[in-house]
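So that the names make sense, note that chain A is the first sequence line, chain B the second, and so on, each numbered from 1. Just so we're clear, the structure is a prediction, and the values are computed from it rather than from any experiment.
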Amino acid sequence: MNKVHVQSKLNGENIEFLCEPRQSLLEVLREDLGFTGSKEGCNDGNCGACSVILNGTLVDSCLVLAVEIQGKEITTVEGLATPDGLHPLQQKFLENASLQCGICTPGFLVAAKALLDHNPNPTEHEIRHWLAGNLCRCTGYDKIIRAVQEASAVMSKSA
Amino acid sequence: MQKLTNGTSVVMVEGKTVREVIDNLDKQFPGIKDRLCENDRIRPNFAVAVNSEIITVGLRKQVEPDSEVHFLPAVSGG
Amino acid sequence: MSDNSENGKYKVIGTRPIRHDGAEKVIGKAIYGADVRMSGMLYGQVIRSPHAHARIKSIDTSKAEALEGVRAVVTSKDLPKTNEDDMIDLGEGMTRLKYIRDNILASDKVLYRGHAVAGVAAINQQTAEEALSLIEVEYEVLPAVVNVIDAMKDDAPLLHDTLTTDEMGEQTDKKSNIAAHLQHKLGDPEKGFKEADIVIEHEFHTATVHQGYIEPHNGTAIWNPDGQLTIWTSTQGAFVVQKQVAAVLDHPISKVKVVPTEIGGGFGGKIPIYLEPVAALLSRKTGHPVKLLMTRAGVFEGTGPTPGSYVRLKLGADKSGKLVAGDCYLAFEAGGYPGSPMFCGCMCIFACYEVPNAIVNGYDVVVNKPKSAPYRAPGSTQVAFAIETMLDEIAEKLGMDSFDIRLLNAAKEGTRRVDDLVYPRIGCVETMEAGKASDHYNTPLEGPYRGRGVATGYWFNIGFKSCVTASVNEDGTVNLMEGSTDIGGSRTSIAMQFAEVLALPVEDVNPRVGDTGEIGYNDVTGGSRTTYATGYAAYNAAQDVKAQMIEIAARHWELSADDVEFTDEVFKSKKDSSKKLNFKELAKIGSADDSPVIGKGSVNLGFHIGGSFATNIVDVEVDPETGKVTILRFTAIQDAGKAIHPSYVEGQMQGGSVQGIGWALNEEYFYNADGKMENSTFLDYRIPTALDLPMIETIIVEVPNPTHPFGVRGVGEANIAPPPAAITNAIYNAIGVRFRELPMRPDRIIAALAAKRESEPLEAVAGS
């Protein structure tokens, strides 16, 4: 099997790796690059636990082939916090108890970041609509939505 | 279970522990001890409640006068 | 966030600190089962039966073994056959060891589509999957039976050659798919019905549904040459995995260590073991670590959904609405092997009410579906669906308010249940009263096709065994080692209970979930027991630490321990009030001069039937064209006894409510006639999304549990019992159709509306 050489940017840093053409981005992130923050819930694009941002677009990384990210930029959950601290979304998730088991949390954080990048002051309905592709079984979504609302308020103030 | 007690659902019995209660029950209704116990323990498919609290210490559980002792199927939780 | 400390009564309890494991989880660094990696690790996969019922005639693994990259293949031949009739504790109920082994890797028969038949280990996941397609299994397909009614018929195909019906420990002679029959009886139901003013009887059906956790099952094992077996797995109970694996593999418990990783949801479904023994066998064969991850289809088809059910309920009431008699017949689908929560259903059907004359007959029935596993208050939702909707029917006949009929009949302290147990102090009435007084209930609902419904449900708290150890660091912080795997934030609630006793900031107590080698035995995280029992153990450990610290203070001041007390958050001399030290100061002194302080708490608590009651109010709107039901407003009310961390109590209430909403409206295992599940993906097994729901309002009621030092009642489960019934009642209120089958899917709503229109007199139709 001939491997393909891919060069890309991951969470702001240049990376390169070898992968088989059949490998999904999710598999390469988790198995080959050691970034296990993105989670596998279904492997067929229905749960959003593997959400990443690819050149500014929210995608399910289980539906993206790793070779497709050649020359592109990816943001995963590992890229949200900085040495200065947690991203406001992460902080609000903690304050609002928006995670119980936490397995869907990385996907939700990335998806919410993509939303706020795109629409800094979403209504409740817009938040729910945007996040409908991320499944959570523990929380009933209530505290997740509140966290996103609070984060957008904080980020608007400091913008 | 009532088959073993000839249809009686409430039986008065002496005993300071669950073990004694069962032993005395067996005197009134022979065979009931074997039904409830095995190897000096309550059989795993039964639970015992004393005054409506399902106990976890088995035969040695102490029983006060006028206590109610119930034998129930072991209930699985969730 | 508001601080719920009651008038300063508690310093820590009732507050809403950030959970100790939170940062790790939001930055994606927490290690869940699938994140485990070690050098030389192989990847495994499992092949599953395509048939619902078949005899295995042969399994040829030679081609798979010959594939480059494949290192080992295992089948049931690799499992020992010893002690097959032993009853093994699954963590929540007992079953025969043979059944557990056969469920892990089928021996002579496959009993459901998805039943695991062989396991493969290879150098990567792709090769393992390819190897599965090379395993040749010859099946003799047998007729399948996929619902309880058919399975109970005399001419039904039998799943097991030797299964007979267990009647409270006594076996009948007749071979059957009915694994068990239980009867409860109280008073004189026949007389009660004769004297009733109203008698109604209906049949109810619910479909098989899955717990739906987002994280699939996993298991990583290393079997060392010295026989030491270490397993990493996402589980609700490391010790129960240890016990089961040891029994299944006939390997000493002393040589099995289970490391519970973080877990991505369980709800009861991650109490049984599936992949762990297969990983262990593959590791032993290959000499390498082996990791298995379940596919999503495997999760749906090969793990433990909750039973579909048939319930027939007859209720008798007098004209004031008081229940005078009840008769329930229920049959639960156990799946391929016996062990449905039929016993729980029998306990729960009348649990919210005083029914002086009642009889319940419950049947545990095997069918060609995956073996059922516990799902959040197992059995309670199925029976609440029946009684809560029929109560509304009686209320309507009598022109009574929905809460009034419930309050009239509500179970209280002293109520004798159909299983003859008597309730201690409970909060059933309080949750109903909170519902009746709520803003939601007192806000009128207007508009066409809109309706409101209420319902109540119940679940108990199992107690059982928990232990914790606490070690005091020289800076006055405490390491709290406990053994309850954390599926929803419990490690913080446990730390809070410890911290409260010693008036410590909760950030100074560092909880950790240990593996089976690090902490003493702990029963599963489930059964609404964790905050209750492990919290109690933490409370005891804190008392132990307090006593040791008093000793240290006494030695430091050269007094006797009787002359020292811990009060107003300091250790002080009773004789000389100027002699006082806080915890930090004393810890520093102790670490210099004294032996290390290790506190322990260990409990084996009774099973507390008082439990928790949950009440719902829901407003719905039905779209008559599409049949879609929109939840407009939902209020979840529950008795928490004492809410240690209110945010996580609210979270349990909201999560269980939403699972109940999915159960009511969309979720089901959709089977074809051959017993094949046709919707084993998250696309077609439709759980609620954020777009399907409003905010879930919560009202926490606190009727302290007399058996816990802080009054804690476990709240994890009762909240899933009432939602389907509440929604059914709301739909009736909206469109005048009473559903008695779940789920209430759009196509069923449309069909029911059409049928209603057909049967309505012409005048009504012309008027609209």
Side-chain angles (χ1 to χ4, degrees), chain A residues 20 22-23 27 30-31 34-49 76-78 80-81 86-87 89-91 93-107 109 124-125 127-146, chain C residues 1 16 18-19 21-32 34-35 37 124-126 211-216 262-267 293 295-296 486-489 645 647-648 650-659 661 681-683 687-698:
Chain A
E20 294 173 33
R22 58 141 196 104
Q23 282 182 281
E27 187 184 326
R30 289 179 54 80
E31 301 298 323
F35 280 75
T36 57
S38 308
K39 305 299 181 191
E40 178 183 318
C42 66
N43 218 17
D44 56 17
N46 286 309
C47 75
T76 68
V77 67
E78 290 96 338
L80 296 184
L86 295 175
H87 188 282
L89 278 166
Q90 290 168 318
Q91 184 61 32
F93 265 60
L94 291 178
E95 288 171 13
N96 281 279
S98 309
L99 53 145
Q100 286 179 34
C101 80
I103 197 81
C104 72
T105 303
L109 287 169
E124 182 186 333
H125 181 80
I127 296 173
R128 288 182 178 279
H129 190 271
W130 184 277
L131 294 178
N134 288 76
L135 297 180
C136 173
R137 196 55 162 170
C138 294
T139 69
Y141 305 102
D142 182 297
K143 292 179 188 300
I144 292 174
I145 306 300
R146 291 181 200 279
Chain C
M1 279 297 151
R16 299 173 188 255
I18 288 181
R19 59 195 283 175
D21 56 321
E24 209 180 45
K25 290 193 161 136
V26 297
I27 62 174
K29 289 282 191 282
I31 302 293
Y32 293 81
D35 304 328
R37 247 131 219 83
N124 57 40
Q125 192 71 272
Q126 169 78 356
Q211 300 82 349
Y213 30 82
I214 307 300
E215 177 202 42
E262 299 296 344
I263 168 177
F267 316 110
L293 299 177
T295 63
R296 178 48 56 181
D486 185 350
I487 47 180
H645 191 314
S647 301
Y648 288 101
E650 290 159 0
Q652 292 297 314
M653 293 161 69
Q654 292 167 334
S657 295
V658 169
Q659 286 178 313
I661 290 169
T681 69
F682 267 138
L683 181 65
I687 74 174
T689 70
L691 192 57
D692 295 317
L693 301 161
M695 296 295 186
I696 309 290
E697 295 165 53
T698 56

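- Note: A:A97 leads A:A97, A:G37, A:C47 in heavy-atom pairs under 4.5 Å with chain C.
- Note that the CZ atom of C:R19 and the CG atom of A:L94 stand 8.5 Å from one another [nearest 0.5 Å].
- Annotation: the span from A:C138 atom SG to C:Q652 atom CD amounts to 8.0 Å, rounded to 0.5 Å.
- If you take CD1 on C:I214 and SG on A:C42, they are separated by 8.5 Å, rounding to the nearest 0.5 Å.
- Annotation: side chain of C:T689 is not in contact with side chain of A:R128 (no heavy-atom distance under 4.5 Å).
- Smallest separation of non-hydrogen atoms from C:V26 and A:F93: CG1-CB, 4.4 Å.
- A distance of 10.5 Å separates SG in A:C136 from CD in C:Q654, rounded to the nearest 0.5 Å.
- For the pair A:D142 (side chain) and C:I696 (backbone), a donor-acceptor distance under 3.5 Å is present.
- Using a cutoff of 4.0 Å between basic side-chain nitrogens and carboxylate oxygens, A:K39 and C:D35 are scored as salt-bridged.
- Scanning all heavy atoms of the two residues, the minimum distance from A:L135 to C:F682 falls at CD1-CG, 3.7 Å.
- Residues C:Q126 and A:E20 have side chains that never bring a donor and an acceptor to within less than 3.5 angstrom of each other.
- Taking the side chain as every heavy atom from C-beta outward, C:P688 and A:R137 approach each other to under 4.5 Å.
- Residue C:Q659 touches chain A through both its backbone and its side chain, counting heavy-atom pairs closer than 4.5 Å.
- The residues A:E31 and C:R37 are annotated as salt-bridged, a charged nitrogen and a carboxylate oxygen being separated by less than 4.0 angstrom.
- Residue with the most contacts toward chain A among C:A690, C:G655, C:G265, C:P694: C:A690 (heavy-atom pairs, distance under 4.5 Å).
- Minimum heavy-atom separation, C:P216 to A:G41: CG-O, 3.7 Å.
- Side-chain contact check for C:T295 versus A:N43: every heavy-atom pair is 4.5 Å or farther apart.
- Judged by distance alone, with hydrogens and angles left aside, the side-chain atoms of A:Q90 form no donor-acceptor pair with the main-chain N or O of C:A23 at under 3.5 Å.
- Residue C:Q125 does not touch chain A at all, counting heavy-atom pairs closer than 4.5 Å.
- Interface residue A:D44: only side-chain heavy atoms are found under 4.5 Å from chain C.
- In this structure, OG1 on A:T105 lies 8.5 Å from NZ on C:K25, to the nearest 0.5 angstrom.
- The CD atom of A:E78 lies 5.0 Å from the NZ atom of C:K29; values are rounded to the nearest 0.5 Å.
- Of the atoms belonging to A:T139, it is backbone heavy atoms, and not side-chain ones, that fall under 4.5 Å from chain C.
- Between chain A and the residues C:L293, C:T698, C:N124, C:L693, the most heavy-atom pairs under 4.5 angstrom are made by C:L693.
- Each of A:L86, A:L80, A:L109 was scored for a side chain to side chain contact (heavy atoms under 4.5 Å, CB included) with C:I27, with one residue passing: A:L86.
- With respect to the salt-bridge test (charged N to carboxylate O, under 4.0 angstrom), the residues C:R16 and A:E95 do not qualify.
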